[in-house]
Amino acid sequence: MKTMPAILVVEDEPSIAELIAVNLRHNGFRPTWAMDGVSAQRELEASLPDLILLDWMLPGESGLQLARRWRADPRIKDIPLIMLTARGDEEDRVAGLDAGADDYMAKPFSTKEMLARVRAVLRRRSPEPVGEAIVIAGLSIDSSTHRTTYAGQTLKLGPTEFKLLHHLMANAERVHSRGQLLDKVWGDHVYIEERTVDVHIKRLREALGAAGRMVETVRGAGYRLTAKPISATMVV
Ligand code: CA
């Protein structure tokens with residue numbers, strides 16, 4: 001992550017925009033304010049921010065319409081997006097996330113919550129360290145080529161399983177709780193439950209085939225990747 005991440009705040013209410021901007025500035029971010037879709041578009045054409053905070057209710061194009069449009073724009077689509085809104089019901093939340101928002105914050109929110117979500121989304125989107133492959137007991141993962149092999153055979157992993165395995169291998173032998181994995185691999189996303197981790201661990205083990213036994217369940221604690229599983233019965 002850059003030292004001073006740039007954040008585009010799209011919000012038509014000056015007092016709210018000001019409050020957000022002041023708090024971002026005091027916490028090491030560089031906020032820019034746009035009061036509607038037109039000026040936001042102009043900002044995005046001038047320079048790309050590290051994250052967009054987007055209000056739902058805006059004059060002209062709504063935040064939802066903007067989110068959809070930006071997600072279809074190859075230049076903008078990868079910029080993390082958090083939607084802000086007074087609407088808090090499930091249907092709106094789902095619509096926001098479907099439109100490509102990375103997270104969703106219902107007004108009123110505390111500045112502490114806002115900062116936590118901004119940091120979580122940035123952390124989640126920040127690229128894994130590029131370069132060298134990690135190799136453990138014949139299992140190899142390379143984040144620059146996005147390849148995983150075991151005993152020379154290429155393995156097919158989904159994007160989440162890839163990230164999960166990369167994290168486990170980069171921190172091999174260490175036990176990770178489900179909460180820690182959610183935080184590191186998914187970011188602190190409020191809509192993801194801990195059992196999601198179990199689902200992806202299961203998929204990961206299946207994709208790894210014989211190397212799946214290296215992903216160990218540590219009872220009551222979580223998961224770890226180990227070069228030497230103590231016994232096959234440990235692997236649930
Ligand atoms: Ca508004």
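Atoms within a ligand are numbered from 1 in the order they appear, just like the ligands themselves. This chain uses plain numbering: 1 for the first residue, then up along the sequence. These values consider heavy atoms only, across backbone and side chains, with no hydrogens, waters or symmetry-generated copies.
Each side-chain hydrogen bond (donor to acceptor under 3.5 Å, both in side chains) pair with one or both residues in residues 36-48, not counting sequence neighbours, appears once here: Asp36-Ser39, Gln41-Glu45, Gln41-Arg69, Gln41-Trp70.
Of all protein atoms, those of element N, O or S that lie under 3.0 Å from the Ca ion (ligand 1) number 3.
Salt bridge status for Asp102 with Arg71: present, with a side-chain N to carboxylate O gap under 4.0 Å.
Using bins of under 30°, 30° to 60° and over 60° for the plane-to-plane angle, the ring pair His146/Phe162 lands in the parallel bin.
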Show your working on side-chain contact (heavy atoms from CB on, under 4.5 Å) between Ile7 and Ile20 and close with a plain yes or no.
CA-CA 10 Å; Ile7 306 208; Ile20 292 173; over 6 Å; no

Show me the donor-acceptor pairs, under 3.5 Å and distance only, between side chains in residues 11-19 and residues at least two apart or in other chains.
{"residue": "Glu11", "atom": "OE1", "partner": "Lys107", "partner atom": "NZ", "Å": "3.0"}
{"residue": "Glu11", "atom": "OE2", "partner": "Glu13", "partner atom": "N", "Å": "2.9"}

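Legend: residues meeting side-chain hydrogen bond (donor to acceptor under 3.5 Å, both in side chains) with His200, ordered by chain and number and at least two apart, are Glu161.
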